Novice: 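Starting off with a structure, shown below.
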Amino acid sequence: ATPTAVTVGIGRGAELGLLIRNGEALEVSEKLTAIVFDKTGTLTRGKPDVTDVVAFGIPEDRLLSVAAAVENNSQHPLAAAVVRRAESAGLALPVSERFTTFGGLGVSAVVEGEEVLIGNQPFLEEHGIVVPEKARTRVTVFQDVGKTAVLVAIGGELAGILAIADTLKPTTRTAVAELRRMGLSVMMITGDNERTANAIAREVGIDDVHAGVLPQAKAEEVRALQVRGEVVAFVGDGINDAPALAQADVGIAIGSGTDVAIESGDIVLVRDDLVDAVAAIELSRKVMSRIK
Ligand code: ADP
Ligand code: MG
């Protein structure tokens with residue numbers, strides 16, 4: 001039986017912009033010891049922009065139009081940034097065929113008879129693309145300022161780098177500081193590379209970062225924390241985050257996130273504001289102190 005205080009708490013939550021799916025989430029939130037955030041679309045706005053275009057031996061416009069032709073088939077926020085950049089430059093996109101997604105790594109397709117690979121450095125190298133020293137340096141310089149470097153290979157050769165930046169949501173820093181003040185361990189988990197992840201984490205005020213985590217491994221990371229005795233909240237927005245949201249003691253989904261994430265969440269932040277996650281925990285503490 002759900003105690004009256006929990007029912008009242010769920011109603012109060014609704015007023016605060018919290019869709020609380022079950023009373024248990026409200027009861028458990030008080031006991032949380034750790035909160036894990038997905039990076040893209042959760043801590044950041046998830047609407048990244050291409051900030052730099054570096055072409056090797058081909059015109060910048062050619063690099064962009066080929067990359068956009070491939071990314072036009074992808075649902076990834078990075079892909080949307082590439083397509084938008086090509087559109088705003090007024091470029092016509094060539095036809096792309098045989099599109100394939102490699103979750104957490106990149107994409108590939110064939111454009112005008114040439115194989116195109118787009119993704120992170122390990123992904124391209126795995127496919128036999130040589131990434132010369134000067135390109136590697138460019139990549140790390142972008143990553144150290146929190147940008148994601150997307151590498152593009154055309155016909156087996158590295159053709160360029162697109163640097164893509166996402167900005168923090170306005171209240172991310174405040175929310176993280178509040179959660180730490182409340183005594184929770186705050187962590188970030190992302191499929192993005194370590195350098196970019198660390199740069200963003202520094203900006204946010206998080207020092208515990210798990211980077212390069214493949215989509216299916218996010219839930220395993222949550223489980224590992226639970227095995228160590230932590231009571232864990234996971235906050236996420238993406239398809240990739242659904243298993244981790246389900247695995248966590250309390251799954252907190254971003255309201256504007258993908259449907260799968262929202263369905264997997266115990267609590268939905270209707271206004272997308274991370275400060276509302278703080279409100280949820282405070283509400284839980286209040287409600288549970290009333291029951292005891
Ligand atoms: P996140 O955890 O930030 O949502 P993902 O797990 O979706 O990240 O992706 C991890 C990394 O894989 C990205 O940072 C990027 O380097 C690469 N990647 C994934 N999808 C694409 C794509 N469509 N185009 C280019 N790179 C991609
Ligand atoms: Mg995300």
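The model shown is predicted, which means the values in this text are computed figures rather than measured ones. Note that ligands are numbered from 1 as they come in the structure, with each ligand's atoms numbered from 1 the same way.
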Novice: Hey, does Gly238 sit under 4.0 Å from ligand 1 if you only count heavy atoms?
Specialist: no

Novice: Using a 4.0 Å cut-off to any heavy atom of His76, which atoms of ligand 1 qualify?
Specialist: 5 (P), 7 (O), 9 (O), 19 (C), 20 (N), 23 (N)

Novice: When you check the side-chain N and O atoms of Lys147 and Thr196, is any donor under 3.5 Å from an acceptor?
Specialist: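 No, because no side-chain N or O of Lys147 sits under 3.5 Å from a partner of the opposite role on Thr196.
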
Novice: Please work out, at 4.0 Å between heavy atoms, whether the side chain, the backbone, both, or neither of Leu105 comes within that distance of ligand 1.
Specialist: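 Within the 4.0 Å criterion, Leu105 contacts ligand 1 through backbone atoms alone.
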
Novice: Flag the pair Glu282 and Arg285 as a salt bridge only when some basic side-chain nitrogen lies within less than 4.0 angstrom of an acidic carboxylate oxygen.
Specialist: no

Novice: Run the side chain to side chain contact (heavy atoms under 4.5 Å, CB included) test on Ile267 and Arg21 for me, step by step, so that the C-alpha distance in whole Å, both residues' side-chain angles and the decisive distance to 0.1 Å come before the verdict.
Specialist: CA-CA 6 Å; Ile267 299 177; Arg21 282 258 171 64; over 6 Å; no

Novice: In terms of hydrophobic clustering (I, L, V, M, F, W, Y; side-chain heavy atoms under 4.5 Å; direct or indirect links), are Val50 and Val107 co-clustered?
Specialist: yes

Novice: Look at atom 25 (C) of ligand 1 and say which protein heavy atom is nearest, naming residue and atom and giving the distance to 0.1 Å.
Specialist: Glu71 OE2, 3.2 Å

Novice: Please indicate whether Gln216 has more than 12 foreign heavy atoms, meaning atoms of other residues, nucleotides or ligands, lying under 6.0 Å from its CD.
Specialist: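 It does: Gln216 CD has more than 12 such atoms within range.
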
Novice: What is the closest protein heavy atom to atom 3 (O) of ligand 1, and at what distance does it sit?
Specialist: Thr40 OG1, 2.8 Å

Novice: Need the ligand 1 atom indices (1-based, order shown) with element for anything under 4.0 Å from a heavy-atom of Val107.
Specialist: 23 (N)

Novice: Does a side-chain heavy-atom distance below 4.5 Å link Phe142 with Thr148?
Specialist: no

Novice: Looking at Gly106, which atoms of ligand 1 are within less than 4.0 Å of one of its heavy atoms?
Specialist: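 Heavy-atom distances to Gly106 below 4.0 Å select 18 (N), 19 (C), 21 (C), 27 (C).
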
Novice: Which residue and non-hydrogen atom of the protein lie closest to atom 15 (C) of ligand 1, and at what distance in Å?
Specialist: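 Protein heavy atom with the smallest distance to atom 15 (C) of ligand 1: Leu78 CD1, 3.5 Å.
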
Novice: State plainly whether the residues Arg45 and Asp166 are in salt-bridge range, i.e. N to O under 4.0 Å.
Specialist: no

Novice: Show the numbers, then the answer: is there a side-chain hydrogen bond (donor to acceptor under 3.5 Å, both in side chains) between Asp208 and Ser185?
Specialist: CA-CA 8 Å; Asp208 194 349; Ser185 311; over 6 Å; no

Novice: I need the contact type for Lys218 against ligand 1. Using non-hydrogen atoms and a strict under-4.0 Å cut-off, is it side chain, backbone, both or neither?
Specialist: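 Just the side chain.
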
Novice: With a cut-off of 4.0 Å, which atoms of ligand 1 are near a heavy atom of Ser74?
Specialist: 23 (N)

Novice: Indicate the atoms forming the closest heavy-atom contact of Gly46 with Pro77, along with that distance.
Specialist: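 Shortest heavy-atom separation between Gly46 and Pro77 comes out as O-CB, 3.8 Å.
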
Novice: With a 4.0 Å heavy-atom cut-off (strictly under), which part of Thr190 contacts ligand 1: side chain, backbone, both or neither?
Specialist: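 Looking at Thr190 and ligand 1, atoms from backbone and side chain both fall under 4.0 Å.
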
Novice: Can you pull out the closest protein heavy atom to atom 16 (O) of ligand 1? Residue, atom name and distance to 0.1 Å, please.
Specialist: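 The closest one turns out to be Asn120 CB, 3.4 Å.
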
Novice: According to the interplanar angle, ranging from 0 to 90°, do the rings of Phe123 and Phe102 count as parallel (below 30°), tilted (30 to 60°) or perpendicular (above 60°)?
Specialist: tilted

Novice: Could you tell me the angle subtended at the Mg ion (ligand 2) by OD2 of Asp38 and OD1 of Asp237, rounded to 10°?
Specialist: 80°

Novice: Suppose we measure from atom 14 (O) of ligand 1 to each protein heavy atom; which comes out shortest, and what is that distance?
Specialist: Asp192 OD1, 3.2 Å

Novice: For atom 6 (O) of ligand 1, which candidate among Gly41, Pro77, Gly104 provides the closest heavy atom?
Specialist: Gly104

Novice: Can you name the atoms of ligand 1, numbered from 1 with element, that are less than 4.0 Å from a heavy atom of Thr148?
Specialist: 14 (O)

Novice: Please check: side-chain N/O of Asp52 versus main-chain N/O of Ala163, any donor-acceptor pairing under 3.5 Å?
Specialist: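 No; judged by distance alone, with no hydrogens or angles, the pair does not exist.
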
Novice: Any idea which of Pro215, Ala149, Ala211, Gly191 brings a heavy atom closest to atom 10 (C) of ligand 1?
Specialist: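 Minimum heavy-atom distance to atom 10 (C) of ligand 1 goes to Gly191.
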
Novice: Taking both backbone and side chain into account, is any N, O or S atom of Thr42 nearer than 2.8 Å to the Mg ion (ligand 2)?
Specialist: no

Novice: Report the C-alpha distance between Gln247 and Gln226 in whole Å, list the side-chain angles of each, state the deciding distance to 0.1 Å, and finish with yes or no for side-chain hydrogen bond (donor to acceptor under 3.5 Å, both in side chains).
Specialist: CA-CA 9 Å; Gln247 173 66 40; Gln226 290 168 325; 2.6 Å; yes

Novice: Considering only the protein, which heavy-atom contact is closest to atom 26 (N) of ligand 1, and what is its distance?
Specialist: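 Of every protein heavy atom, Gly119 CA, 3.6 Å lies nearest to atom 26 (N) of ligand 1.
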
